[in-house]
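Working notes, beginning with the structure itself.
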Amino acid sequence: MNPMKFQPVLDEIVATLRPQIAQCGQGEHHGKVASYIPALARVDARQFGIALRTCEGEEAGAGDFETPFSIQSVSKLFTLTLAMQRMGDALWERIGREPSGNPFNSLVQLENEQGKPRNPFINAGAIAVADRLVSQAKASGPGADGGNGGNGAKDDILALMASLCGEPIAFDDEVAQSEADTGFRNVALANFMKSFGKIDNDVATVLDTYFHQCALRMSCRQLARAAAFLCRDGAHPIDGQPDVTGERQTRRINALMLTCGTYDAAGDVAFSIGLPCKSGVGGGIVAVVPDTLTLCVWSPALDATGNSLLGMKALELFVARTGLSVF
Ligand code: GLN
């Protein structure tokens with residue numbers, strides 16, 4: 001597929017949304033940046049980027065597509081991938097695969113469901129995945145926990161991201177610290193699961209991993225590239241590397257993105273966009289057109305469900321303009 005045909009589409013989306021980008025964060029109909037994480041509250045809401053990478057490895061981008069931002073829950077996609085690579089089906093003993101129908105940081109279902117999170121994309125599920133990664137890092141022997149505050153899982157996450165992007169990727173320590181200082185609900189979720197025996201490691205180490213994965217700083221270009229294995233049956237985005245996941249696992253990750261990747265907006269997103277998506281409260285959204293391309297949009301102002309307001313509009317415009325959807 002010729003990527004040149006996508007560049008005008010991305011330019012047109014930026015031009016169409018330009019008036020709304022200028023209004024972002026101003027007034028109740030124009031979205032709000034995630035203020036519950038103090039370091040994110042300072043981000044300028046009037047930024048917008050969009051980038052894509054085709055199965056053939058061609059890239060296109062428009063707007064602020066090179067500006068790094070806090071990827072937040074988009075990271076859950078990559079930690080899930082790492083855990084699936086390492087543990088296969090054993091992962092599902094601790095984590096479900098059903099949409100929660102609740103906000104991403106909700107505690108209510110955990111009590112009724114004995115500390116087993118509904119899916120790996122709500123906060124509880126991602127914290128449970130982080131616990132598995134901490135265990136895996138410990139088990140992988142000497143040297144595995146060097147260099148990153150005694151937490152080898154963080155090194156494993158950075159190594160995966162660097163390998164997928166073909167360039168170094170870093171944590172934003174200020175954002176990670178900001179979450180550690182104010183992430184009371186996440187502390188509650190982790191302790192609650194621990195009380196049910198569903199977290200094996202020290203809660204502080206598991207949360208340190210989770211807060212850092214959320215604080216990864218990446219641009220739309222880097223995220224579209226890193227997620228590109230999802231549009232090519234798990235094949236590594238950069239030639240010559242082994243596959244990231246197999247075809248079956250890739251299908252499953254895409255299915256989970258469609259059903260759970262945007263929390264309690266997942267039904268609406270399937271209805272109006274029809275693509276597997278994973279969002280984060282930094283305003284990023286990764287979307288996959290299987291066998292064709294991976295997209296990343298970013299606009300920091302969020303709607304009431306915690307998804308990027310203009311990011312969703314941009315995806316709707318992209319699907320309407322190109323006809324690319326899984327349905
Ligand atoms: N770090 C955020 C939190 O734990 C991630 C939430 C999100 O992006 N939806 O609340």
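Order of listing sets the numbers, starting from 1, for every ligand and every atom in it.
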Test side-chain contact (heavy atoms from CB on, under 4.5 Å) applied to Phe48 and Val14, step by step: CA-CA 8 Å; Phe48 178 90; Val14 174; 3.8 Å; yes
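Minimum interatomic distance between Leu309 and Gly31 (heavy atoms only, all atoms of both residues): CD2-N, 3.6 Å.
With a 6.0 Å radius and a threshold of 12 heavy atoms from other residues, nucleotides or ligands, Lys32 has its NZ atom at or below the threshold.
Under 3.5 Å, the side chains of Asn119 and Ser100 contain no donor-acceptor pair of N or O atoms.
Within 4.0 Å of ligand 1, protein heavy atoms come from Tyr36, Gln72, Ser73, Phe104, Asn123, Glu179, Asn186, Tyr210, Cys214, Tyr263, Gly280, Val281.
Classification of the His212-Phe171 ring pair by plane angle, with boundaries at 30° and 60°, yields perpendicular.
Residues forming a side chain to side chain contact (heavy atoms under 4.5 Å, CB included) with Ala227 (at least two apart in sequence, or on another chain): Phe78, Leu230, Val286, Thr294.
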